[in-house]
K.L.:
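Submitted below is the structure of interest, expressed as structure tokens.
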Amino acid sequence: QVHLVESGGGLVQAGGSLRLSCAASGRTFSSYAMGWFRRGPGKEREFVAAISWGGGNSIVADSVKGRFTISRDNTKNMLYLQMNSLKPEDTAVYYCAAKKMYVRVSAENEYADWGQGTQVTVSL
């Protein structure tokens, strides 16, 4: 099990940037694949991005491709989501999550551990 805490959310104008962070507890962080999900107002939670345990493989959703980048620093037990060219439709609560294997990474129910979420609001 890994304990996750997100930070870095806030209010930003359209076209702006934010970097979300996810701090993980435990010495086994480097053995987990990690993902970012989001839940917009009135919407279901959706997959945003995922990265393998070593960082060598990653994937982002089509809706954020070219704008968002996922990365991790296993020496610091940290996961990041760099978000550029933000749009109002990116407004959501963003969650980081952990799973053991880098398979079916877009499937929400594959993740065992979740953070509490951080709010991102993009204004016009």
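Atoms considered below: every heavy atom in the structure, side chains included; atoms not considered: hydrogens, waters and symmetry mates. Sequential numbering from 1 along the given sequence is applied to the chain's residues.
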K.L.:
Do the side chain of Glu6 and the main chain of Cys96 share a donor and acceptor less than 3.5 angstrom apart?
P.N.:
yes
K.L.:
Look at the side chain of Thr118 and the backbone N and O of Gly9, then say whether any donor-acceptor pair between them is shorter than 3.5 Å.
P.N.:
yes
K.L.:
What distance do Met34 atom CE and Phe29 atom CZ have between them, rounded to the nearest 0.5 Å?
P.N.:
5.0 Å
K.L.:
Side-chain contact test, heavy atoms from C-beta onward, threshold under 4.5 Å: evaluate it for Leu11 versus Ser123 and give yes or no.
P.N.:
yes
K.L.:
Flag yes if more than 12 heavy atoms outside Gln116 fall under 6.0 Å of its CD atom; otherwise flag no.
P.N.:
yes
K.L.:
Search all heavy atoms of Leu4 against all heavy atoms of Ala24 and return the closest pair with its distance.
P.N.:
CD2-CB, 3.7 Å
K.L.:
Kindly determine whether Glu46 and Arg39 satisfy salt bridge (Lys or Arg N to Asp or Glu O under 4.0 Å), including the steps that lead there.
P.N.:
CA-CA 6 Å; Glu46 65 175 356; Arg39 188 195 303 272; over 6 Å; no
K.L.:
Ring centroids only, cut at 6.0 angstrom: are Phe37 and Phe47 within range, meaning strictly under it?
P.N.:
yes
K.L.:
Give, for atom CG of Asp73 and atom OG of Ser30, the distance between the pair rounded to the nearest 0.5 Å.
P.N.:
11.0 Å
K.L.:
Is a donor on one side and an acceptor on the other found under 3.5 Å between the side chain of Ser25 and the backbone of His3?
P.N.:
yes
K.L.:
Using a strict threshold of under 4.0 Å (side-chain N to carboxylate O), is an ion pair present between Asp90 and Lys87?
P.N.:
no
K.L.:
I need the Tyr95 OH to Arg38 CZ distance, nearest 0.5 Å.
P.N.:
13.0 Å
K.L.:
Counting only heavy atoms from other residues, nucleotides and ligands, does the tally under 6.0 Å from NZ of Lys76 exceed 12?
P.N.:
no
K.L.:
Which pair of non-hydrogen atoms, one from Ser58 and one from Ile70, has the smallest distance, and what is that distance?
P.N.:
CB-CG2, 3.8 Å
K.L.:
Please step through side-chain contact (heavy atoms from CB on, under 4.5 Å) for the pair Asn57 and Ile51, ending with a clear verdict.
P.N.:
CA-CA 6 Å; Asn57 293 290; Ile51 190 166; over 6 Å; no
K.L.:
Using only atom types and a distance under 3.5 Å, with no angle test, would you say the side chain of Tyr32 pairs donor to acceptor with the backbone of Ser52?
P.N.:
no
K.L.:
Between Arg19 and Tyr80, is NZ or CZ placed under 6.0 angstrom from the six-membered ring centre and within 45° of the ring axis?
P.N.:
yes
K.L.:
Please walk me through it: do Ile59 and Val105 pass side-chain contact (heavy atoms from CB on, under 4.5 Å)?
P.N.:
CA-CA 9 Å; Ile59 186 172; Val105 294; 3.8 Å; yes
K.L.:
Within the 4.5 Å heavy-atom criterion, are Gln82 and Ser17 side-chain neighbours or not?
P.N.:
yes
K.L.:
Kindly give the heavy-atom pair with the smallest separation between Ala50 and Tyr102, and that separation in Å.
P.N.:
O-OH, 4.0 Å
K.L.:
Please assess Asn84 against Phe68 for the test side-chain contact (heavy atoms from CB on, under 4.5 Å), listing each intermediate value before the final yes or no.
P.N.:
CA-CA 6 Å; Asn84 299 328; Phe68 290 13; over 6 Å; no
K.L.:
Think Arg72 forms a cation-pi with Trp53, using NZ or CZ under 6.0 Å from the six-ring centre and within 45 degrees of its axis?
P.N.:
no
K.L.:
Quick one: pull up CZ in Arg104 and NZ in Lys99 and give me the separation to the nearest 0.5 Å.
P.N.:
6.5 Å
K.L.:
Any donor-acceptor pair under 3.5 Å linking the side chain of Trp36 with the backbone of Leu20?
P.N.:
no
K.L.:
Provide the closest heavy-atom pair for Ala98 versus Val2 in the form atom of the first, atom of the second, distance.
P.N.:
CB-CG1, 3.5 Å
K.L.:
Kindly compute the distance separating CG (Leu81) from OH (Tyr94), expressed to the nearest 0.5 Å.
P.N.:
7.5 Å
K.L.:
Which heavy-atom pair separates Ser31 from Lys100 by the least distance, and what is that distance?
P.N.:
OG-NZ, 3.3 Å
K.L.:
Do the non-hydrogen side-chain atoms of Leu18 and Val120 ever get within less than 4.5 Å of each other?
P.N.:
yes
K.L.:
Roughly how far apart are Lys43 NZ and Thr91 OG1, rounded to 0.5 Å?
P.N.:
8.5 Å
